[in-house]
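The structure under discussion appears below in the form of structure tokens.
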Amino acid sequence: VAWMERLPVGRLRKQVLSDIVMPIGRTDPVAALDLIEAYGGDEEDRWGWVKTSILSGWAARDPFAAAAKADEVLTGQQRAGAFQRIAVTWAQQDPQAALVWANALPAASGKRNVVSSVLSAWAENDVAGALAYARHMPEGQARRNATDGICGVWAQEEPQAAAAYACSLPADVYRAG
């Protein structure tokens, strides 16, 4: 970091910062995010993907803390994208806890997509459980998106079973268009 500080502000310094924070982020994500805040400048677009990558790795160890930090350091589409990546990681470990968190998100944070991501990740290990949850969701776009995602995952492993299930769904709700 001391060497990087001596570099003139510009492209090389940003590349060095990126090279520094990625390995740090694997073991100390807060320190890595603090370095980005201190030296990254105002280029939110440039650093959003780096922050999301760090937060995603953190989610494997502490998804709740990673989600809280994502809410703090990211905005808009970058926050929504980070929430989806965190949700997938979390759902692979504990889909029920991931759903509690996802359902508590405000709609503006991409809640519908985050819930759908959780259910798709859950379906990778337990299609029946994910479908049972989706069946109890209120009718509407969120339920359709969740069911579509689950069936998409299911179709990769058991295409005939997924197709049969999809054909059993009400045509006016799930198969329109």
- Task: Test K51 against E72 for salt bridge (Lys or Arg N to Asp or Glu O under 4.0 Å), laying out the working first.
- Result: CA-CA 11 Å; K51 290 176 183 178; E72 178 187 326; over 6 Å; no
- Between F83 and W101, does a ring pair (Phe, Tyr, Trp, His ring centres under 6.0 Å) hold up when you go through it step by step? CA-CA 10 Å; F83 280 173; W101 166 73; 5.4 Å; yes
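Cluster membership check: V118 shares its hydrophobic cluster with W154, using side-chain heavy-atom separations under 4.5 Å among Ile, Leu, Val, Met, Phe, Trp and Tyr.
Side chain of K111 to backbone of N103: a donor-acceptor contact under 3.5 angstrom is found. One N or O on the side chain of W47 and one on the backbone of G40 form a donor-acceptor pair closer than 3.5 Å. The backbone N or O of P138 sits nowhere less than 3.5 Å from a side-chain atom of R143 that would complete a donor-acceptor pair.
Within 6.0 Å of CZ on R11 lie no more than 12 heavy atoms contributed by other residues, nucleotides or ligands.
At least one side-chain heavy atom of W58 sits under 4.5 Å from a side-chain heavy atom of R61. Counting heavy atoms from C-beta on, the side chains of I36 and V73 never come closer than 4.5 Å.
The two residues A121 and V88 come nearest to each other via the heavy atoms CB-O, 3.8 Å. Counting all heavy atoms, side chain and backbone alike, T89 lies closest to A59 at CG2-C, 3.7 Å.
Rounding to the nearest 0.5 Å places CG of L119 at 5.0 Å from CG of L99. Here the straight-line distance linking atom CG of L17 with atom CE of M4 works out to 5.0 Å at 0.5 Å rounding.
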